[in-house]
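Worksheet: the structure to be examined is printed underneath.
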Amino acid sequence: MPTSDYVLLNTGQKMPLIGLGTWKSGPGEVKTAILNALKNGYHHVDCAAVYNNEAEIGDVFKEVVGVDKIVKREELFVTSKLWNTKHHPEDVEPTCRKSLEDLKLTYLDLYLIHWPYAFQKGDNPFPVNPDGTIQYDYIHYKETWKAMEKLVEKGLVKAIGLSNFNSRQIDEVIAAATIKPAVLQVECHPYLAQNELIEHCQKHGLIVTAYSPLGSSQRMWKAPDERELLEDADIKSIANKHGKSPAQVLLRWQVQRGVVAIPKSVNAERITQNLQVFDFILTEDEMKKIGSLNRNCRYIVPRVKVDNKFVFRDALHPHYPFNDPY
């Protein structure tokens with residue numbers, strides 16, 4: 001169990017166990033969310049170029065981050081991600097610099113390859129064929145990784161890592177790496193516990209970050225009959241025993257097993273509550289009960305509608321990560 005509110009990366013950096021996710025935080029609301037988070041003690045913000053809100057987040061950072069401001073830069077941990085259209089080595093540094101420019105920062109604490117598979121390079125984040133299918137590229141992520149390492153060497157980022165990679169792909173990157181990945185970010189919650197993948201990462205010195213740790217109820221392809229994680233009877237029962245919300249129990253479960261969690265919210269009260277998970281401890285039985293809820297239910301898989309049904313969009317790409325067991 002963590003003895004603090006952060007974990008140590010293999011670079012020696014302190015990474016706060018709870019951060020603010022910014023996916024699907026729209027114009028206007030993301031600024032308010034960041035302000036509320038930083039004012040209420042958050043020191044970790046998770047960003048990505050494809051979220052299309054880094055410039056607005058940067059405006060907030062310019063206003064409140066620095067000497068004699070709400071938070072000092074060295075106390076803030078900022079993550080961003082390289083999008084699928086920018087996997088070619090010559091595109092990696094300019095893309096990172098664009099995120100830095102938008103975020104009004106001189107360096108990133110962590111920069112991730114967002115997905116292992118690539119789209120056709122260019123400025124359109126979702127290039128499509130005439131029939132509406134994605135235009136893919138097949139450059140290998142190992143080539144992208146070598147360009148990511150140069151960002152560390154140039155001082156543009158302090159650590160580099162992976163997002164949505166499986167265990168085999170992680171091993172391939174490590175085998176080719178001069179600078180080892182520090183973090184793997186993946187969907188993770190009690191319905192998708194990721195136990196094998198977390199164990200694999202820990203064996204290789206990677207910290208795991210859980211995105212959608214509350215089940216991502218806002219996902220666009222949610223089926224009407226899907227069970228809502230925040231409404232799970234076992235989670236609610238444990239929450240009642242501790243006088244906490246179901247969300248706080250879900251987040252405590254993650255940090256108590258050493259997993260970083262980045263819940264997204266734009267609600268001021270929930271943003272505050274999501275950080276209040278270090279004043280109680282789940283019992284061993286409660287941890288086991290929550291872990292027993294696993295059903296390998298993956299919510300965040302890019303999908304498209306075909307014949308009025310959602311199907312996995314990228315499953316035929318050779319670098320698609322979710323065809324492997326973990």
Residue pair Thr85, Asp91: steps toward the side-chain contact (heavy atoms from CB on, under 4.5 Å) verdict: CA-CA 9 Å; Thr85 53; Asp91 293 330; over 6 Å; no
Give every donor-acceptor pair under 3.5 Å between a side-chain atom in residues 179-193 and any protein atom, sequence neighbours left out.
residue: Lys180; atom: NZ; partner: His204; partner atom: O; Å: 3.0
residue: Gln185; atom: NE2; partner: Asp46; partner atom: OD1; Å: 3.0
residue: Glu187; atom: OE1; partner: Tyr299; partner atom: N; Å: 3.2
residue: Glu187; atom: OE1; partner: Ile300; partner atom: N; Å: 2.8
residue: Glu187; atom: OE2; partner: His189; partner atom: NE2; Å: 2.8
residue: Glu187; atom: OE2; partner: Tyr299; partner atom: N; Å: 2.7
residue: His189; atom: ND1; partner: Tyr191; partner atom: N; Å: 3.3
residue: His189; atom: ND1; partner: Leu192; partner atom: N; Å: 3.2
residue: Tyr191; atom: OH; partner: Asp232; partner atom: OD2; Å: 2.6

Glu284, CD atom: more than 12 neighbouring heavy atoms under 6.0 Å: no
Ser80 versus Glu54, side-chain donor and acceptor atoms under 3.5 Å: yes
Near-ring test Phe322/Phe312, centroid separation under 6.0 angstrom: no
Value rounded to 0.5 Å, distance of CG in Asn53 from CD in Glu29: 9.0 Å
Point-to-point distance, once rounded to the nearest 0.5 Å, from CG of Asn40 to CD of Glu269: 11.0 Å
Contact list for residues 156-167, test salt bridge (charged side-chain N to carboxylate O under 4.0 Å, His left out), sequence neighbours left out: none
Asp109 versus His44, side-chain donor and acceptor atoms under 3.5 Å: no
Heavy atoms from other residues, nucleotides or ligands near NZ of Lys14 exceed 12 (cutoff 6.0 Å): no
Audit row: Tyr6, Phe77, ring-ring contact (aromatic ring centres under 6.0 Å, His included) steps and yes/no: CA-CA 11 Å; Tyr6 63 85; Phe77 193 101; over 10 Å; no
Candidate pair Phe119 and His87, rule ring-ring contact (aromatic ring centres under 6.0 Å, His included), full reasoning: CA-CA 8 Å; Phe119 296 166; His87 279 205; 8.5 Å; no
Salt bridge (charged side-chain N to carboxylate O under 4.0 Å, His left out): pairs with one or both residues in residues 316-326, sequence neighbours excluded: Arg168-Asp324
Salt bridge (charged side-chain N to carboxylate O under 4.0 Å, His left out) partner of Glu93, the single match among Lys154, Lys146, Lys86, Lys150: Lys154
Worked verdict on Phe61 versus Val78 for side-chain contact (heavy atoms from CB on, under 4.5 Å): CA-CA 10 Å; Phe61 286 165; Val78 180; 4.0 Å; yes
Side-chain donor-acceptor pair present, Tyr42, Asn274, cut-off under 3.5 Å: no
Parallel, tilted or perpendicular: rings of Phe165 and Tyr141 (30°, 60°): perpendicular
Side-chain donor/acceptor of Lys69 to backbone N/O of Lys62, under 3.5 Å: yes
Salt-bridge criterion met for Lys203 and Glu199 (N-O under 4.0 Å): no
Atom pair OG1/CG of Thr22 and Asn52 - distance to nearest 0.5 Å: 11.0 Å
Salt bridge Glu286-Arg252, side-chain N to carboxylate O under 4.0 Å: no
Rounded distance [0.5 Å steps], CG in Leu17 versus CG in Leu275: 10.5 Å
Side-chain ion pair, Lys98 and Asp102, N-O less than 4.0 Å: yes
ILVMFWY cluster, Tyr138 and Val128 together (side-chain gap under 4.5 Å): yes
Sub-4.5 Å side-chain heavy-atom contact between His200 and Asp171: yes
Side chain to side chain, His43 and Asp5, heavy atoms closer than 4.5 Å: no
Reported CD1-to-CD distance for the pair Ile18 and Gln276, which is rounded to 0.5 angstrom: 11.5 Å
